[in-house]
Amino acid sequence: MSIINHLNNIIINFFLILIVAFFINIDFVKANEIKENKIIYKIFNKSYTLVDLYNRIEYLKLVSEENSNIDNNFAKNDLKSVIIFNEYFLKYNNDLNPLNIEAERIYNNLINEN
C-alpha cells in the first residue's frame, strides 16, 4: 500500500507542477504579445501604454455579447473616453455629492411611501 500511496503522491505533484507551468507559460505568452510597452497617450500628465490598450481590448471582449475581434481604433477611442471620464469623475465627484444625497433622499421617500 505504501508504494501505491507514494506513486499517487508523485502523480499528484507532477500534475500540480504541470498546471503551475501552464499558467506561467500563459503569462509569458501574454507578455510576448506586447512587443514593447510604449506610451500611446499622455492625458493629464499620466501615461497610458500599449499594456493599458491591451487590457482594455480584453475587457471589451469580455463584456461584448459577441466574442468578435475588437477594432484597434475603436479600442483606442474607448480607452481615451474612459480615461477622460475617470479624470472628470475624480475632479468633480465632490461637487456631485450633494446631488447624490438629495437623489438618495428622494428615492428613499418614494420607497417608504409604497
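For the numbers below, each heavy atom of this structure counts, side chains included, while hydrogens, waters and symmetry mates do not. One-based numbering along the sequence shown.
- A donor-acceptor contact shorter than 3.5 Å links the side chain of Y41 to the backbone of K76.
- Here the straight-line distance linking atom NZ of K46 with atom CD1 of I39 works out to 14.5 Å at 0.5 Å rounding.
- For D52 (side chain) and T49 (main-chain N/O), a donor-acceptor pair under 3.5 Å exists by modelled atom type.
- Under the salt bridge (charged side-chain N to carboxylate O under 4.0 Å, His left out) criterion, K42 pairs with no residue at all, not counting sequence neighbours.
- In this structure, the side chains of N109 and R105 come closer than 4.5 Å at one or more pairs of heavy atoms.
- With hydrogens and angles ignored, the 3.5 Å screen pairs a side-chain donor or acceptor of N112 with a backbone N or O of N108.
- Other residues, nucleotides and ligands contribute more than 12 heavy atoms inside 6.0 Å of the CD atom of E102.
- For the atom pair CD1 (I40) and CG (L79), the distance works out to 5.5 Å, reported to the nearest 0.5 Å.
- Linking ILVMFWY residues whenever their side-chain heavy atoms come closer than 4.5 Å, directly or via other members, places I43 and L50 in the same cluster.
- Hydrophobic cluster membership differs between V82 and L60, with clusters built from Ile, Leu, Val, Met, Phe, Trp and Tyr side chains linked at under 4.5 angstrom.
- Crowding of Y59 atom OH: a count of heavy atoms from other residues, nucleotides or ligands under 6.0 Å not exceeding 12.
- From L90, atom CG reaches atom CZ of F85 across 9.5 Å, with rounding to the nearest 0.5 Å.
- Heavy atoms only, all atoms of each residue included: A75 and I70 are closest at CB-CG2, 4.1 Å.
- Distance check: N72 CG to N77 CG gives 10.5 Å after rounding to the nearest 0.5 Å.
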